[in-house]
J.: 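The structure is given below, and queries will be raised subsequently.
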Amino acid sequence: MEDGGSSVARRSQQSFLIKRSLLSVEYALRRLSRTTPDARTLLRDGYLVVPNFLDATQLLRIQDALPPVESCEPSPEGTMTQTFYEADGIAELSPFFKSERIAQAMRGALGKRAECLRTAVQYRHHLGETGAFEQFFHIDTWLPRFKAFLYLSDVDEGGGPLRYVPGSNRGRWRLGLERDVYRLYPDLDGYIADPDAAFVGCVWPHQARKIARRLNTKPRSFTGPAGTLVLFDARGLHATTPLSKPRTILYSYWTKPGHHT
Ligand SMILES: O=C(O)CCC(=O)C(=O)O
Ligand SMILES: [Fe+2]
């Protein structure tokens, strides 16, 4: 006879597989549907880079309106970042936070009911390795979550580019990793509350290389000057790069209602 613990685990596994299958169908249909070119690229590759999203005048206005680092909160996840939340309350930042192009891309990728859950200014000042999970290739979630980054500093190789494995937002290889995240992700606010579970969505460097090879691709680094916009599906394998100089971004992140984990 099965003990209580293993039957709970089996039910949880079945419930994951059902939800995951429904999601696969939803996304297969969305990829086939008529949508905007931005959303189509996002759904296919998992990312979209828009060079010169803002011009020099718009950028200057944004840079002048940024809150000081002292008014930010340190990350609870060991990433050594400083974050100012609810940044959409700062009117001068509206070319990013109120961007119709970003909203349309997100709704095209996530569905019409997609909502923006977090708007923030993020400073990274810690140079070199942090030892945090995000410097390894990882997936954030198993449920769809898309992020928008606007670089406010020039991001060359030493400036902390986001790295991404193109197309890793899709495919059967994801199942095991997603199941681990589903089992261990401990809370519903999108943050990892238990430091022991912080690395749950990560893969080792040799595994990331193998997955990229299997997908017939290579990890990409999204370098670009201030004003570059990057949108990405946080289910795909991505990582941040250790800094040799500070990086500042605005970011927002989007999900469907009730899909925040
Ligand atoms: O800030 C970055 O470059 C990426 C960090 C990350 O993993 C994320 O925002 O999900
Ligand atoms: Fe991430």
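Ligands are counted one by one from 1 in listed order, and the atoms in each one are counted from 1 as well.
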J.: For atom 2 (C) of ligand 1, what is the closest protein heavy atom, and at what distance to 0.1 Å?
T.: Thr240 OG1, 3.3 Å

J.: Students often mix this up, so state it plainly: with edges at 30° and 60°, are the rings of Phe53 and Phe96 parallel, tilted or perpendicular?
T.: perpendicular

J.: Should you measure from each heavy atom of His138, which atoms of ligand 1 turn up under 4.0 Å away?
T.: 7 (O)

J.: Could you tell me which atoms of ligand 1, counted from 1 in the order shown, lie closer than 4.0 angstrom to a heavy atom of Arg124?
T.: 1 (O), 2 (C), 5 (C)

J.: For atom 8 (C) of ligand 1, tell me which residue out of Glu77, Lys147, Glu134 has the closest non-hydrogen atom.
T.: Lys147

J.: Cation over ring, Arg145 on Tyr253, under 6.0 Å and within 45°?
T.: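 Judged by the rule (NZ or CZ under 6.0 Å from the ring centre, within 45° of its axis), Arg145 counts as positioned above Tyr253.
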
J.: Is it true that a side-chain atom of Gln135 and a backbone atom of Ala132 form a donor plus acceptor pair closer than 3.5 Å?
T.: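 Here the side-chain-to-backbone pair does not exist.
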
J.: Quick one: does Phe149 get a heavy atom under 4.0 Å from ligand 1?
T.: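 Distance cut 4.0 Å: Phe149 passes for ligand 1.
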
J.: Would you kindly check if the NZ (Lys) or CZ (Arg) of Arg30 is within the cone defined by 45 degrees around the ring axis of Tyr27 and under 6.0 Å from the six-membered ring centre?
T.: yes

J.: I want to verify a count. Protein N, O or S atoms less than 2.8 Å away from the Fe ion (ligand 2), how many are there?
T.: 3

J.: Taking NZ, NE, NH1 and NH2 as the nitrogens, is one of them in Asp38 or Arg101 under 4.0 Å from a carboxylate oxygen of the other?
T.: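 Salt bridge between Asp38 and Arg101, a charged N being under 4.0 Å from a carboxylate O: yes.
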
J.: Using a strict cut-off of less than 4.0 Å between a Lys/Arg side-chain nitrogen and an Asp/Glu carboxylate oxygen, indicate whether Glu178 and Lys19 qualify as a salt bridge.
T.: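 Salt bridge flag = no for Lys19 with Glu178.
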
J.: Looking at side-chain heavy atoms only, is the closest gap between Phe146 and Ser252 below 4.5 Å?
T.: no

J.: Considering only heavy atoms from C-beta outward, does the side chain of His238 approach that of Val165 to under 4.5 Å?
T.: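 Counting from C-beta outward, His238 and Val165 never come under 4.5 Å.
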
J.: Give the residue, atom name and distance (to 0.1 Å) of the protein heavy atom nearest atom 4 (C) of ligand 1.
T.: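 For atom 4 (C) of ligand 1, the nearest protein heavy atom is Leu162 CD1, 3.5 Å.
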
J.: Within the 4.0 Å heavy-atom shell around His238, which atoms of ligand 1 are there?
T.: 6 (C), 7 (O), 8 (C), 10 (O)

J.: Within a distance under 4.0 Å of any heavy atom of Arg247, pick out the atoms of ligand 1 and give their elements.
T.: 1 (O), 2 (C), 3 (O)

J.: May I ask you to identify, for Asp140, whether its side chain, its backbone, both or neither come under 4.0 Å of ligand 1 on a heavy-atom basis?
T.: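 Side chain only; the backbone of Asp140 stays clear of ligand 1.
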
J.: More than 12 heavy atoms of other residues, nucleotides or ligands under 6.0 Å from CD of Gln63: is that the case?
T.: yes

J.: Hey, does Phe84 have a side-chain heavy atom less than 4.5 Å from the side chain of Ile90?
T.: yes

